[in-house]
Amino acid sequence: MNKPRALVVGMGIGGLATALRLHDVGWESVLVERAPERRGAGYFVAMFGSGTSAAERLGVLDTIGDRTSPGAITYDVERDGRRRPGMGYGDVPGAPRLLLRGDIESALYNEVAPLADLFDSVHQVVMPSWHTDRVVLVGDSAWCVTLYSGMGASSAIAGADLLGTVLQRNPGNPGRALREWEMRLRPFIATHQELGRQELVTFIPQTRRDKRTRTIMQTLLGNPTGKRVMQRILAPKFRPKAIDVAAA
Ligand SMILES: Cc1cc2nc3c(=O)[nH]c(=O)nc-3n(C[C@H](O)[C@H](O)[C@H](O)COP(=O)(O)OP(=O)(O)OC[C@H]3O[C@@H](n4cnc5c(N)ncnc54)[C@H](O)[C@@H]3O)c2cc1C
């Protein structure tokens, strides 16, 4: 029997993870990429439980590695160059892996290959549907949650993992598979899009009040007791980042 074939457009985290997962479930992928060469290490990203669980199943978690350093300090840099300790992903609950985007992309690329300046604006992508007929969008092209959510890489890899699972579960019926995929993923993505919108003010304070809140948080994080208190306060907000939405 001929293997089902997929055309995967884009070799970022979402595209590569999709090709890898589809290979697992017996599909053949043709990958196309418009960039003339692969990007290097790229910017810093955090990978939460949703992403690490999927990456582990895809067999790339060890290669992705972990650049988390227990003594690392995040600094806020003022316009005049002064810096002071700030809040970073190393301080939040959920123990995310701290990585460079390229760590994830390279690990995926190395698996897939044998088989076959900062943004100047931030846009969240909200689409009424992520698939039509046999065409499906995965990752930022479908639901870009934005860097404020910290879940773009995790959701791209988890979305790809789940895509393979539903295609395997519905052989010969990609329509039903894609409906099932979207139905399961939508509430998860909606949560992270909403959290991303809420987190905007943490990254870029919009009002004096936001700035004051941020300063209080930074002060608290400056000592071990304050940090423990902040982590307890923040824990419920970070729990959705560990949901293994792609678990079979
Ligand atoms: C500053 C910053 C910090 C971030 N921090 C985090 C974080 O802490 N945690 C986290 O999880 N996420 C973070 N993210 C988001 C995360 O990097 C993205 O969500 C993730 O890389 C999305 O992967 P993707 O494959 O969907 O998209 P992309 O990585 O954009 O890949 C898409 C690929 O498709 C190619 N392409 C596009 N159009 C075409 C076409 N027509 N034909 C062929 N190829 C095409 C592109 O060249 C590209 O290679 C951050 C993002 C930024 C900018």
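All residue numbers in this chain count up from 1 along the given sequence. Ligands are counted one by one from 1 in listed order, and the atoms in each one are counted from 1 as well.
- Residues Tyr43 and Leu147 fail the side-chain proximity criterion, which asks for heavy atoms closer than 4.5 Å.
- Of all atoms in ligand 1, numbered sequentially from 1 with element shown, those under 4.0 Å from a heavy atom of Ser154 are 11 (O).
- Taking distance alone, with nitrogen or oxygen atoms compared against 3.5 Å, Gly152 approaches ligand 1 more closely than that limit.
- Every atom of ligand 1 is numbered from 1 in the order shown, and the set under 4.0 Å from a heavy atom of Gly14 is 23 (O), 24 (P), 25 (O).
- Contact annotation for Met151 and ligand 1: only backbone heavy atoms (N, CA, C, O) come within less than 4.0 Å of the ligand.
- Cation-pi geometry between Arg21 and Trp27 is not met: the NZ or CZ atom fails to fall both under 6.0 Å from the ring centre and inside 45° of the normal.
- Close contacts of ligand 1 with Ala46, meaning ligand atoms under 4.0 Å from a residue heavy atom, involve 7 (C), 8 (O), 9 (N), 10 (C), 11 (O).
- Those atoms of ligand 1 with a heavy atom of Val9 less than 4.0 angstrom away are 40 (C), 42 (N), 43 (C).
- By the 3.5 Å distance cut-off applied to N or O atoms, Ala156 is not counted among the residues near ligand 1.
- Taking 4.0 Å as the cut-off, Phe48 does not count as a neighbour of ligand 1 on heavy-atom distance.
- Residue Gly139 has at least one heavy-atom neighbour below 4.0 Å for each of these atoms of ligand 1: 26 (O).
- Contact atoms of ligand 1 toward Arg101: 21 (O), 28 (P), 29 (O) (distance under 4.0 Å to a heavy atom of the residue).
- Salt bridge annotation for Asp103-Arg97: absent, with no cationic side-chain nitrogen under 4.0 angstrom from a carboxylate oxygen.
- Every residue two or more places apart in sequence or in another chain was checked for a side-chain hydrogen bond (donor to acceptor under 3.5 Å, both in side chains) with Ser69, and none qualifies.
- Ionic pairing of Glu180 and Arg184 is not present here: no N-O contact between side-chain nitrogen and carboxylate oxygen is shorter than 4.0 angstrom.
- Side-chain atoms of Thr213 and Asp210 form no donor-acceptor pair, as typed in the model, at a separation below 3.5 Å.
- Within the structure, the ring pair (Phe, Tyr, Trp, His ring centres under 6.0 Å) test picks out the following pairs touching residues 199-234 (sequence neighbours left out): Tyr148-Phe203.
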